[in-house]
Structures are given as C-alpha cells and as structure tokens.
Amino acid sequence: MPDSTPSLEKPVRVRFAPSPTGYLHVGGARTALFNWLFARHTGGTLILRIEDTDFERSSEEMVEGILVGMRWLGLNWDEGPFYQSKRLDLYKATAQKIIDAGHAYACFCTKEELEQRRAQATAAGRPPMYDRRCRKIAKEEAERRVAAGESAAIRFAVPEGGSTSFDDAVFGKVEFANAEIEDFVLLRSDGIPTYHLSVVADDIDMRLTHIIRGADHISNTPKQVLQYRALGAKLPVFAHVPLILGPDKTRLSKRHGATSVISYKQLGIVPEAFRNFLSLLGWTPGNVKDADGKDREIFSSDELVKLFSLGGISKSNAVFDNDKLAWFNTEYIRAYPAELLMPLIEEEWKQAEFTPTRSETEIHQAIELLKPRARNLKDFAIAFRAYFSDEFEIDPAAAAKFLTSDVPVLLKELSARYAAVTEFTEASTEAVLRGFAEEKGLKAGVLINGARVVLTGQGVAPSLFAVMIALGQQRVVARLAAKLA
RNA sequence: GGCGCUAUCGUCUAGGGGUUAGGACGUGAGAUUCUCAAUCUUAAAACACGGGUUCGAUUCCCGUUAGCGCUACCA
C-alpha cells in the first residue's frame with residue numbers, strides 16, 4: 001500500500017510513547033523499532049514521550065528501564081524524552097478549547113456511582129456505557145456548581161448519530177458507529193488528563209505526522225479522531241501494528257516468561273540479532289531474495305532502514321518464536337568477527353566475574369574457533385572458560401562419559417609425547433595421538449574424547465587438534481597430565 | 001454480551017484469478033566421525049469452512065467458525 005497522504009510531503013515526525021508502568025516489553029520494543037525504522041527511512045524525527053499520567057503506577061525507575069532497553073536495541077531518538085506529567089497545563093488548555101467549542105461538558109457523577117451503574121447495566125445485559133446524564137445539565141448550572149467547588153470530570157460529547165472513521169495505513173478504512181462510542185473522560189476530577197486527552201493534545205502539539213502503535217489502540221482511535229475534529233486539527237496518518245502473541249496465541253505477557261527486552265540481553269542475545277528478529281515479526285520487506293534465490297532474513301540495520309515501509313506491515317498477529325530468535329542469534333554470532341564480538345563478550349565476563357588470562361590475539365583466535373558452536377554470548381563466559389583462562393571446571397557429565405577406566409593414565413603418557421614435539425601443529429598433534437593410540441591398540445576416538453574433556457572441560461568442542469593449537473603446547477601438556485596429579 | 005480487526009505448513013512469512021503454492025525456523029531421516037549444540041543431503045508439513053462471482057478460485061464478494069483487541073475518572 002502506498003502511504004498516500006498529503007502529510008507525507010511534510011517531514012515525518014513520529015513518536016514512541018511508552019507508559020512507565022513496567023519495563024520495556026517486546027511488544028513495546030517492536031513498536032519503538034518500527035517508529036525508529038520509519039523515522040530513519042524517511043529522514044524524519046523520532047520523539048520519545050513518557051506517558052506517565054497514571055501517577056499511581058508510573059515510576060522513574062521504569063523510565064530508566066525503558067531507556068536502557070532502547071539503547072540496548074540501538075534505538076536512538078531525536079527529541080525528548082518529554083514527560084506528560086510536566087505538561088499538565090497543555091492538557092487543561094486543550095480540554096478548555098474543546099469545552100469552548102461545545103464538544104465537552106462537566107460530569108458530576110462520582111466514580112462509585114459510575115461503577116454501580118455499570119454493574120447494574122452489565123447485570124441487566126445492557127452495554128455498560130455512560131448514560132450521558134450530565135450532558136443534559138445546563139452550561140450555566142454546571143459552571144455554577146464547578147465555581148462552588150463541586151468536583152467534576154470533563155467528558156467529551158460524542159455526536160449522537162453517524163459514524164467516525166479513519167484510514168489506517170495498514171488496515172485500511174476502519175469505521176465505528178458513534179452510538180458505540182461513549183462520552184469518554186478527558187480530564188479527571190483531579191485535573192489530571194486521561195490518556196485520550198493527553199495523546200491527542202501532545203500529538204497535535206508535537207506536530208506528529210504518523211502514529212505508529214499497537215493494534216490494541218484501534219478502538220481508541222475514533223475517540224481521538226473526534227477530538228482532532230473538535231479542535232479543528234488535521235489528522236495524522238494512523239498505522240496500527242498487529243500484536244505479538246505468546247506460543248499459546250494469547251497476547252504476550254509475563255506468563256510467557258521473558259518479556260522484558262533486557263531479559264534477552266541477560267540470555268546472551270546479540271542486540272542486532274534481536275532487532276533483526278523483531279523487525280520481521282509483523283513486517284516483511286516482501287520478495288527480497290538472497291544470492292541463492294531464497295528469501296532473505298538476515299538484514300543489517302542499514303538494510304532494514306532502507307527497506308522499511310508501512311505497507312509491509314501485516315494485518316494479522318504474530319507468535320513470538322524463541323527457536324527462531326535463537327537461530328538469528330547464532331547466525332549473528334557466527335557472522336560477527338571477533339573484534340565485534342569482543343565488547344559483548346567482555347560484558348558477559350564482567351557479569352560472570354570472570355577474568356581471562358590470555359593475550360588479546362589468543363582470545364580472538366579462540367573466539368573464531370568457538371563461534372560456530374556458541375548458542376549465545378553467555379557460552380563465552382561459562383562453557384568456554386577453558387579457552388580463556390586456566391581456571392575452569394570439568395563438566396562431570398562429560399568426565400563420566402569419556403574419562404573412563406585408564407584413560408587418565410594414558411593421557412598423562414600422551415602428555416609426555418606432546419612435551420617432546422618440536423613442531424606443534426594440527427597435523428603433528430594428530431599424528432602423535434593416532435600413533436600413540438595404535439601403539440596401545442586403542443581406537444583414537446577414545447583418546448580424542450578423553451583429551452577433549454581434560455583440555456576444554458566440556459564434552460562438546462571444536463575439532464580437538466584445532467583446540468590444541470588454540471591452547472598452545474604448554475597448556476596441552478599441562479592439562480593432559482593434570483587430571484592424574 | 002456489544003463493537004472492531006484478522007485468517008497460507010506447528011511458527012514467521014512470500015505469492016496471487018490458471019503455480020509442482022516458494023523460503024526460513026523447528027521436526028524426521030541419512031551422511032560425516034573426534035564430541036555435537038557443528039556441517040552437508042533429504043523428507044514430511046499449509047491456502048479454516050460454506051456459499052457466490054468467474055471458463056477457472058487459495059487469491060475477489062458475502063456468511064459461518066475460530067482467534068485476538070477494545071469495552072475505566074489505566075495507558
């Protein structure tokens with residue numbers, strides 16, 4: 001679908017507007033990513049706005065968590081963060097404008113009364129909508145009561161008939177009968193705006209051209225459209241993004257395990273891998289083929305920016321697939337040269353309080369060797385310790401499987417042979433081991449597997465002789481003998 | 001319940017009035033042998049259902065079903 005709207009000619013201005021009532025979760029991250037991609041693609045501006053008008057549930061700590069998540073994903077913003085809690089005057093003024101235009105009124109019903117009526121309506125099988133009783137109060141009387149100090153909320157006066165519609169960039173035309181829209185609250189009786197008012201006031205004030213957000217906001221949109229009209233403001237382009245579901249096809253939530261973006265960092269995921277994975281959840285670049293004619297899935301950040309378009313966003317919800325994420329992650333680990341992996345791995349070492357004792361060259365060499373077998377960044381700080389330091393533990397399961405009977409004794413003997421080798425290469429180390437095995441009338445595999453465990457602490461490793469070279473002659477000799485000592 | 005949205009392999013998706021409906025992840029089988037969580041080869045696997053429109057629908061339209069979302073003085 002072409003983004004055929006006049007506002008496209010203006011510089012694009014979009015926003016990510018999280019509510020700091022929790023950490024940055026994957027759904028929010030994807031919304032942020034799409035906004036970022038769209039802003040960068042169009043050369044527009046991304047604004048970060050913190051929707052903290054729910055004082056009860058918002059906290060500064062959560063704001064920090066959200067920023068950390070965005071930085072981890074490499075999503076930078078151009079303006080903000082703006083806090084709605086600091087913009088209360090704007091919302092009051094906006095509400096006043098709507099009142100002056102005759103599209104809003106004071107409501108004196110208390111929260112308790114409303115709840116009671118709602119319960120009654122539901123019980124009677126009636127739709128639990130506000131019955132608009134305060135709309136009938138004469139303006140003068142309402143003003144008098146407010147002046148007298150009676151507390152009142154401000155409600156929007158939704159037109160009695162007709163319908164309200166908008167053209168969604170992903171869903172097309174969406175229409176709601178006005179009869180289905182209740183007279184929603186704009187300003188609470190304590191003067192704090194509701195979401196409905198603050199989004200519109202800010203989106204207009206910040207001159208946003210496109211609103212890219214979760215599809216859970218579709219049914220809120222007509223309420224916002226009505227306000228734009230009441231204020232005489234031009235409508236932005238709405239683009240609602242389908243939701244991300246858990247494996248059980250319900251909306252992704254804490255129940256599904258890792259849900260905050262930062263927990264993926266803790267799982268050892270490469271941020272670019274996560275971003276690549278996320279970008280393909282609910283969006284597709286279309287038919288982009290690889291050299292071998294297959295659909296491409298791995299895209300760099302720049303490619304994503306180049307390819308992104310609102311038209312590629314799909315209409316149906318997508319299930320978050322951990323297996324696929326894991327695949328992206330291993331692809332990225334393999335594709336990254338050691339220099340690019342280093343900072344990420346060093347971060348893991350720090351977390352694990354592990355200090356490598358080998359030279360940078362040796363470390364890089366080991367990383368290259370290990371990459372194909374790494375599932376995540378944590379492997380470099382846990383399973384692969386033996387390559388970076390002499391402080392490592394031997395996996396008991398691997399020892400039980402391969403260090404059987406007299407294997408340790410044989411390894412010690414083998415150690416002596418290696419000590420005598422003058423040219424320590426993959427070919428020579430292999431020849432020595434195989435010759436030794438033959439002498440002893442053993443299958444080489446028995447010694448190879450045993451040596452692997454003693455050398456790496458693991459039952460799984462790259463080719464043994466490549467490992468030996470990465471470790472160096474001295475270490476190989478020492479470790480082979482150490483098990484028996 | 002009401003309103004809205006959606007519907008291609010288990011999952012992410014490509015495609016689109018006539019195709020052997022393509023790819024990826026995952027899964028199965030085989031190969032390799034020095035371990036596997038590496039690598040290679042290979043297989044199974046989808047147009048939700050019912051009506052139209054049409055020479056012809058997976059594709060367009062309508063309905064059904066299912067799923068999801070919204071239904072607060074939360075965002």
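Residue numbers begin at 1 in each chain, while the letters A, B, ... track the order of the sequences.
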Hey, does [X] reach any base, or is it just sugar-phosphate, or nothing, if we go heavy atoms under 4.0 Å?
X	result
Ser58(A)	nothing
Gly445(A)	sugar-phosphate
Pro127(A)	nothing
Gly282(A)	sugar-phosphate
Pro462(A)	base
Thr122(A)	nothing
His217(A)	base
Glu297(A)	base
Ser189(A)	base
Ala318(A)	sugar-phosphate
Leu114(A)	base
Phe184(A)	nothing
Glu115(A)	nothing
Cys109(A)	base

Could you check whether [X] pairs with [Y] (Lys NZ or Arg NE/NH1/NH2 to Asp/Glu carboxylate O, under 4.0 Å)?
X	Y	value
Glu113(A)	Arg117(A)	yes
Lys440(A)	Glu413(A)	yes
Glu303(A)	Arg296(A)	yes
Glu182(A)	Lys223(A)	no
Lys294(A)	Asp290(A)	no
Asp205(A)	Arg87(A)	yes

Notebook entry, point to check: Is a side-chain N or O of Glu348(A) found less than 3.5 angstrom from the main chain of Phe380(A), in a donor-acceptor match?
Noted result: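 Not at all, since once roles are kept as given, no pair shorter than 3.5 Å links the two residues.
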
Given [options], the nucleotide with the shortest approach to the side chain of [X]:
X	options	answer
Arg373(A)	C36(B), G4(B), C34(B)	C36(B)
Lys111(A)	C74(B), U6(B), G69(B)	C74(B)
Arg118(A)	A75(B), C25(B), A72(B)	A72(B)
Ser19(A)	A75(B), A72(B), C12(B)	A75(B)
Asp323(A)	U6(B), U35(B), G26(B)	G26(B)
Arg334(A)	C34(B), A38(B), G23(B)	A38(B)
Arg155(A)	C3(B), C73(B), A38(B)	C73(B)
Val460(A)	C36(B), C34(B), U13(B)	C36(B)
Arg434(A)	A72(B), C12(B), C34(B)	C34(B)
Leu281(A)	A24(B), A14(B), C12(B)	C12(B)

Tell me if the side-chain of [X] makes a donor-acceptor pair with the base of [N], cut-off 3.5 Å, by modelled atom types.
X	N	value
Lys324(A)	A24(B)	yes
Asn220(A)	A75(B)	yes
Asn317(A)	G69(B)	no

Next item on the list: Kindly state whether the ring of Phe16(A) and the ring of Phe82(A) have centres lying under 6.0 angstrom apart.
Entry: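 No.
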
[N] - base-pair partner by Watson-Crick or wobble geometry, distances under 3.5 Å:
N	result
C5(B)	G67(B)
U54(B)	none
U35(B)	none

Spacing of the [atom1] atoms in [M] and [N] (rounded, Å):
N	M	atom1	value
A38(B)	U32(B)	C1'	11 Å
A44(B)	G23(B)	P	12 Å
G26(B)	C12(B)	C1'	11 Å
U53(B)	U59(B)	C1'	13 Å
U58(B)	U19(B)	P	11 Å

Item checked: Pairwise 5' ranking along RNA chain B for Lys401(A) and Thr21(A), keeping only the more 5' one -> Lys401(A)

Note to self: Quick check: on RNA chain B, is the nucleotide nearest Ser463(A) upstream (toward 5') of the one nearest Phe176(A), or the reverse? Name the residue that is more 5'.
What the structure shows: Phe176(A)

